[in-house]
Amino acid sequence: MQTHLVLLTKENYKETLSQAAAILKSCGLVVFPTETVYGLGANATDERAVKKIFEAKGRPSDNPVIVHIASKEQLQELVAEISPLHEKLMAKFWPGPLTLIFKKNKRVPSATSGGLDTVAVRMPAHSFAKDLIKKAGVPIAAPSANISGTPSMTAPEHALELVGKVDMIIDAGFSEIGLESTVVKVEKDLVLILRPGAITKEMLEEVVYPNIVLFATEEKDLHASPGTKYKHYAPKAKLEILDSQEELEKRKAALEKENKKVGILEKTNLEEASKNLYRRLRELDKGGVDVILAESYLEAGLGAALMDRLRKASAQ
Ligand code: TXA
Ligand code: MG
């Protein structure tokens, strides 16, 4: 397959939008920017198109994808019911990095929902993403644009692994947030975080109070989000998380004594660390290090999402 690579500029914005929308309408695949990570998009209502996403990524077919919309009207086309808690969360956090799980309706093909009776929906805030969904006129199914098991794509050069597998790749620079959206499931009067992200537990609590917000860390809840059972974001090198700068230095010295090539994930503020995580993991891998050392972060606010991804990257 020929892949059309476009560097998005002010001058070619409209033309790129038209080309990408045309591809999406005719069952093709487009890599496009969002504020979290790049997405690998296809028409969510076309089973054939969605199946192509799974092929291109090498993604297990029981791992459902997120459907991206540009308006509340599009939500009506996808879901069977919307609860008052859903309404509250949408009013506060959409458009933005929050994905909500709904009971799906018949228009959602089972390839999109991974055979579940629910569908994950997000309204992205990135202006090109919003314009693209509007122009295509259909909801867009889009998992993170990476081969399954490698870190999500947050910089245009990461898309090279998808050349030949998709119709178009739109380069719009580095992703602003750098971690995938928060995935939330509303269960009666409880809000469950299936995947932490830039919309933090604290932010959710503030909006749904007196309702309770919980991380779905229990086994049974983890199975509610099929993606969490697969290996994720794994760099080729072994990633180790240390509790302090001092411990990290000690470990580094010990590894170097064993002639291991060590890469360090620099500790910065939470926003910077999140934004740069996948890019640095890929860079260090490319540099051929044996072990990557990272210092842990406090698990509050965005720290919960960052630690979640670090842990997943270190589990192999
Ligand atoms: O920020 C993001 O969310 C990015 C951008 C492109 O929007 N997308 C993304 O998609 O990260 P993906 O497919 O890599 O992650 C989707 C996650 C998976 O863990 C999946 O299992 C979960 O959402 N998910 C999707 N549909 C679900 C459903 N119906 N019930 C529970 N979990 C679901
Ligand atoms: Mg992903």
Side-chain angles (χ1 to χ4, degrees), residues 29-42 44 50 53-54 56-70 78-80 93-105 108-126 128-130 132-133 139-154 158-159 162 170 172 175-187 192-199 216 220-234 274-275 277-278 305 308-309 312-313:
L29 298 182
V30 176
V31 172
F32 66 97
T34 85
E35 72 275 25
T36 55
V37 299
Y38 277 79
L40 201 180
V50 176
I53 295 179
F54 287 84
K57 280 186 64 102
R59 182 178 175 111
S61 63
D62 67 343
N63 190 4
V65 294
I66 294 174
V67 179
H68 296 66
I69 57 171
L78 301 166
V79 307
F93 298 114
W94 278 9
L98 178 70
T99 296
L100 293 169
I101 312 286
F102 297 87
K103 274 245 148 39
K104 81 175 186 94
N105 72 23
V108 181
S110 83
T112 302
S113 60
L116 300 175
D117 61 356
T118 53
V119 60
V121 186
R122 169 164 115 79
M123 189 188 288
H126 194 288
F128 185 86
K130 271 196 298 194
L132 178 60
I133 301 162
I140 303 298
S144 50
N146 54 286
I147 302 287
S148 265
T150 67
S152 291
M153 172 183 167
T154 55
H158 303 163
L162 288 167
I170 297 157
S175 307
E176 193 187 317
I177 295 172
L179 298 181
E180 305 83 351
S181 62
T182 307
V183 178
V184 158
K185 186 165 194 178
V186 175
E187 271 182 3
L192 274 179
I193 301 176
L194 303 185
R195 179 176 74 183
I199 303 299
K220 73 171 173 46
D221 296 327
L222 278 179
H223 285 293
S225 190
T228 50
K229 73 173 182 250
Y230 294 107
K231 194 175 140 194
H232 263 105
Y233 329 112
S274 300
K275 188 173 172 151
L277 176 68
Y278 294 138
D308 171 71
R309 304 313 191 276
K312 281 177 179 157

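Indexing begins at 1, ligand by ligand and atom by atom, following the structure's order. Computed from a prediction, not measured in an experiment: that's the story for all the values here.
Contact atoms of ligand 1 toward Arg59: 12 (P), 13 (O), 14 (O) (distance under 4.0 Å to a heavy atom of the residue). Residue-ligand proximity, Ser144 to ligand 1, at heavy-atom distances under 4.0 Å covers atoms 8 (N), 9 (C), 10 (O), 12 (P), 14 (O). The Leu116 neighbourhood of ligand 1 comprises atoms 28 (C), 29 (N), 30 (N), with distances under 4.0 Å to a heavy atom of that residue. Those atoms of ligand 1 that come under 4.0 Å of a heavy atom in Gly39, given as number and element, are 6 (C). Per-residue contacts place Ile101 under 4.0 angstrom from the following atoms of ligand 1 (heavy atoms of the residue considered): 27 (C), 28 (C), 30 (N), 31 (C), 32 (N), 33 (C).
Among the atoms of Asn146, no N, O or S atom is found under 2.8 Å from the Mg ion (ligand 2).
With a 4.0 Å cut-off on non-hydrogen atoms, Thr36 touches ligand 1 through its side chain and not its backbone. The proximity of His68 to ligand 1, defined as any non-hydrogen pair under 4.0 Å, is limited to the side chain. Neither the backbone nor the side chain of Met153 comes within 4.0 Å of ligand 1, counting heavy atoms alone. Here Ala142 has backbone heavy atoms under 4.0 Å from ligand 1, and that is the only part of it that gets that close.
The backbone N or O of Asn146 sits nowhere less than 3.5 Å from a side-chain atom of Ser144 that would complete a donor-acceptor pair. The backbone N or O of Ala44 lies less than 3.5 Å from a partner atom in the side chain of Thr112, making a donor-acceptor pair.
Checking only distances, Thr118 does come within under 3.5 Å of ligand 1, N or O to N or O. Not one N or O of Thr34 is nearer than 3.5 Å to an N or O of ligand 1, by distance alone. Considering backbone and side-chain N/O of Ser181, one or more are found under 3.5 Å from N/O of ligand 1. When only interatomic distances are considered, the shortest N/O to N/O separation between Tyr38 and ligand 1 does not fall below 3.5 Å.
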Determine, step by step, whether Leu132 and His68 satisfy the side-chain contact (heavy atoms from CB on, under 4.5 Å) criterion, reporting the C-alpha distance in whole Å, the side-chain angles of both residues, the deciding distance to 0.1 Å, and the verdict.
-> CA-CA 10 Å; Leu132 178 60; His68 296 66; over 6 Å; no
List the steps, then state whether side-chain contact (heavy atoms from CB on, under 4.5 Å) holds for Val79 with Asn105.
-> CA-CA 5 Å; Val79 307; Asn105 72 23; 5.7 Å; no
Can Val186 and Phe102 be said to form a side-chain contact (heavy atoms from CB on, under 4.5 Å), step by step?
-> CA-CA 8 Å; Val186 175; Phe102 297 87; over 6 Å; no
What's the verdict on side-chain contact (heavy atoms from CB on, under 4.5 Å) for Met123 and Ile69, showing C-alpha distance, side-chain angles and the deciding distance?
-> CA-CA 5 Å; Met123 189 188 288; Ile69 57 171; 4.2 Å; yes
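The side-chain contact (heavy atoms from CB on, under 4.5 Å) test applied to Thr99 returns Ile66, Ala120, Arg122, Ser181, Val183, not counting sequence neighbours.
The option from Ile66, Asn63, Thr182 that lies nearest to atom 16 (C) of ligand 1, judged by heavy atoms, is Ile66. Scanning Arg195, Lys57, His126 for the heavy atom closest to atom 15 (O) of ligand 1 points to Arg195.
Residue Lys104 places no heavy atom under 4.0 Å from ligand 1.
Note that the OG1 atom of Thr34 and the CE atom of Met153 stand 10.5 Å from one another [nearest 0.5 Å]. If you take CD1 on Ile140 and CZ on Phe32, they are separated by 7.0 Å, rounding to the nearest 0.5 Å. Rounded to the nearest 0.5 angstrom, Leu179 CG and Arg195 CZ are separated by 9.5 Å.
Under 3.5 Å, the side chains of Glu180 and Ser152 contain a donor-acceptor pair of N or O atoms.
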